[in-house]
Number of protein chains: 2
Amino acid sequence: MPAPGPNLKRATIRDVAALAGVSIGTASKALNGQGKLRAETRDRVAAAARELGFAPNVLARGLLAGRTFTVGVITTDSFGRFSIPVMLGAEDALGAGQISVFMCDTRDEPERERQYLDMLLSRRVDGLIVAGRRIEPRPSIGLTLGVPVVYAMTQSMDSDEPAILPDDAGGGRLAAEHLLALGRRRFGHITGPERFLAARKRARGFCDAMAGAGLPFTANDVLYGEWSEAWGREAARLVMRTTPGVDAIFCGSDQIARGVSDTLRLIGCRVPEDIALVGFDNWSPMVLGADPSLTSVDMCLEDVGRVAAQHLLLAISKEPTHGVHTVPCRLVTRGSTSPGTS
Amino acid sequence: MPAPGPNLKRATIRDVAALAGVSIGTASKALNGQGKLRAETRDRVAAAARELGFAPNVLARGLLAGRTFTVGVITTDSFGRFSIPVMLGAEDALGAGQISVFMCDTRDEPERERQYLDMLLSRRVDGLIVAGRRIEPRPSIGLTLGVPVVYAMTQSMDSDEPAILPDDAGGGRLAAEHLLALGRRRFGHITGPERFLAARKRARGFCDAMAGAGLPFTANDVLYGEWSEAWGREAARLVMRTTPGVDAIFCGSDQIARGVSDTLRLIGCRVPEDIALVGFDNWSPMVLGADPSLTSVDMCLEDVGRVAAQHLLLAISKEPTHGVHTVPCRLVTRGSTSPGTS
DNA sequence: CTTACGGAGGAAAACGTATTCCTAGAAAGG
DNA sequence: CCTTTCTAGGAATACGTTTTCCTCCGTAAG
């Protein structure tokens with residue numbers, strides 16, 4: 001592994017050229033496969049580069065090319081549960097194109113957002129991904145930045161800027177179809193606060209599927225509350241009281257499902273024999289820690305990030321997209337709906 | 001908010017100079033408060049810059065300065081529970097110095113690590129933070145990179161490169177002291193696999209404090225197992241069987257504590273009245289979701305990141321540090337040891 | 001009136017790379 | 001032998017800054 005000494009400056013193309021006995025321009029051409037050069041010369045330059053451990057200075061290259069091969073990801077989620085997979089997916093798709101990522105966490109403070117935005121612009125990022133922890137529309141980060149922007153797990157209220165969202169309604173539908181396929185017929189749906197768009201969408205998808213199957217579960221039967229285990233514990237008792245014969249409960253989050261699971265065990269109700277349970281998020285520590293482990297809807301957030309990155313790459317190459325695009329969810333089956341599984 | 005049109009190139013200092021009717025050099029001096037200039041000229045340049053929404057191109061500046069005001073953070077943790085706070089803290093400390101962060105997730109694959117390392121080096125980062133998900137020593141990322149490196153939440157086996165670690169032993173001691181102060185006298189300690197250095201350190205701290213208080217809890221009494229809720233559930237039964245009169249259990253992670261809590265409730269044991277419970281990690285969704293909520297040791301990972309950043313800044317300014325530095329933990333008291341709290 | 005000095009700002013170099021244009025030499029054709 | 005045509009590689013420019021050095025002008029001192 002060729003490497004510069006600890007205190008030596010890194011080799012530049014000038015050093016390579018000197019060692020190979022050619023001019024700077026020739027060295028550049030040799031390394032990039034451009035121009036007309038003898039094969040022998042190309043090899044000589046390549047050898048010199050290898051010997052010196054030369055790697056081109058991306059800054060200098062960017063200065064010339066007018067772009068930096070860099071994008072910024074701004075999240076309001078404190079790198080939390082939702083942003084992380086999105087960023088991972090985005091980084092994955094961008095990294096393949098040799099693009100690096102500046103990650104910025106605004107902690108949901110507008111002042112920090114402005115500050116990070118300035119920083120990214122003065123670093124001349126080629127594009128921007130704005131990620132959120134809720135899918136609710138947010139104020140646009142700026143319509144005239146001179147840089148393409150894609151929203152992921154959130155959307156802009158001010159325009160038709162491109163946004164990538166998980167298909168929450170589809171997720172609700174998936175849960176419903178799975179429970180129906182198991183032969184369940186009497187349902188409960190416990191979820192987060194009604195003001196959350198995601199909660200409403202999941203509920204709508206669930207209700208639509210029910211209606212499609214000719215079952216009487218309607219929007220009025222949805223129990224809106226909090227995104228917490230405590231609410232899950234409380235709501236489970238409520239469901240057991242108000243819905244005799246209930247044999248399946250769909251929860252708007254894994255945490256709620258954990259709470260429900262707790263209560264059911266305490267009151268001697270078996271999962272999944274008596275009641276099948278489906279969560280949402282497929283959040284490993286939650287679903288695997290539960291007993292039995294939780295069947296859950298996965299939003300495929302990495303895909304959301306990957307798709308957002310693809311749209312951004314398109315926009316960077318002057319083929320911008322517009323409006324909302326959704327990414328399908330998938331259902332992961334575990335013990336809480338299928339006795340066979342762990 | 002001054003901004004360039006959507007398709008306009010961003011303003012350069014050349015534009016600013018032209019608008020202000022001065023030379024490029026003068027404009028630069030005016031904006032940076034250098035040289036001898038009339039106040040009126042300074043103002044004129046500042047006004048022009050404001051009007052054009054000028055922000056200096058950090059790349060160009062960096063090219064000249066020989067540094068990029070950029071550092072790389074490489075993690076093996078898939079941006080997981082441990083790395084995230086560390087990175088947040090690091091970003092915090094570095095952002096104040098106008099330094100931006102490239103975050104890279106190796107997914108624990110050596111090949112990816114090499115690839116990211118090459119990328120960061122060709123981007124000429126000023127320094128590198130290597131973060132891990134375990135504190136175990138790992139192979140050095142490279143001793144002759146020509147760039148300062150600091151390890152956070154991990155350490156290098158090949159040298160005395162600086163490393164910042166949480167004080168796991170101190171955390172174990174904190175837990176012990178808290179339980180002793182509550183008057184508890186008969187203890188259990190359930191933790192992860194013995195091969196984990198962190199598990200052994202926490203246990204050692206706990207045992208030392210016990211010995212200091214003259215209690216007979218020794219290294220032999222530690223129950224090593226898995227970092228899972230399932231192990232917590234299992235081990236709790238074991239402790240109840242083998243340690244009659246036990247009135248306090250210290251767990252090596254919050255997940256284990258959740259499992260213990262579950263079992264205790266099922267067998268009709270009250271927390272904290274009969275048994276006080278202390279977890280480790282202070283991981284919000286776990287400690288707050290539990291019933292009662294969990295007292296837990298917080299490793300202050302953001303501080304670990306912050307301190308790592310400070311050491312890196314020192315190294316960048318040619319005052320490198322060496323060896324392992326620890327950051328103290330803190331205990332957060334909640335319902336599982338104190339009936340008053342929720 | 002001449003010289004020295006100080007203030008204000010301009011000119012130019014430098015950072016590392018890619019690219020465009022140009023030149024020198026060789027080969028080929030007349 | 002002279003001219004044309006390639007070919008291989010060199011020279012120069014540009015990218016956007018910062019900084020060093022230099023020049024010009026006005027004023028004060030001798």
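A note on names: the letters A, B, ... follow the listed sequences, proteins ahead of strands, and every chain is numbered from 1.
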Just by modelled atom types, is the B:Ile135 backbone N or O under 3.5 Å from a matching donor or acceptor in the B:Thr154 side chain?
no
Specify the separation, in whole Å, of atom [atom1] of [X] and atom [atom2] of [N].
X: B:Arg61; N: D:dC15; atom1: CZ; atom2: C1'; answer: 16 Å
X: B:Leu31; N: D:dT19; atom1: CG; atom2: P; answer: 12 Å
X: B:Ile13; N: C:dC15; atom1: CD1; atom2: C1'; answer: 16 Å
X: A:Asn32; N: C:dT17; atom1: CG; atom2: P; answer: 10 Å
X: B:Arg10; N: D:dT17; atom1: CZ; atom2: P; answer: 10 Å
X: A:Gln34; N: C:dT20; atom1: CD; atom2: C1'; answer: 12 Å
X: A:Leu52; N: C:dG16; atom1: CG; atom2: P; answer: 14 Å
X: B:Leu63; N: C:dA13; atom1: CG; atom2: P; answer: 17 Å

Would you say the side-chain atoms of B:Arg123 and B:Thr70 include a donor-acceptor pair closer than 3.5 Å?
no
Could you verify whether a donor N or O on one side chain and an acceptor N or O on the other, from B:Ser140 and B:Asp158, lie under 3.5 Å apart?
no
Tested for side chain to side chain contact (heavy atoms under 4.5 Å, CB included) against B:Thr68, the lone hit among A:Asn57, A:Val58, A:Leu59 is A:Leu59
If you compare every side-chain N and O of B:Thr12 against the phosphate oxygens of D:dC15 (OP1, OP2), does one of them come in below 4.0 Å?
no
DNA chain D: B:Ala60 or B:Thr26, which has the more 5' nearest nucleotide?
B:Ala60
Contact nearer the 5' end of DNA chain C, comparing B:Arg38 with B:Arg124
B:Arg38
Mapping B:Lys29 and A:Ser28 onto DNA chain C by nearest heavy atom, which one lands closer to the 5' end?
B:Lys29
Any base atoms under 4.0 Å from B:Leu64, or only sugar-phosphate, or nothing? Heavy atoms, all strands.
base
Under 4.0 Å between any heavy atoms, over every strand shown, what does A:Leu59 touch: base, sugar-phosphate, or nothing? Just pick one.
nothing
Which nucleotide in the list D:dG10, D:dT17, D:dG9 gets nearest to the side chain of A:Leu37?
D:dG9
From CD1 (A:Ile13) to OG (A:Ser23), nearest 0.5 Å
9.0 Å
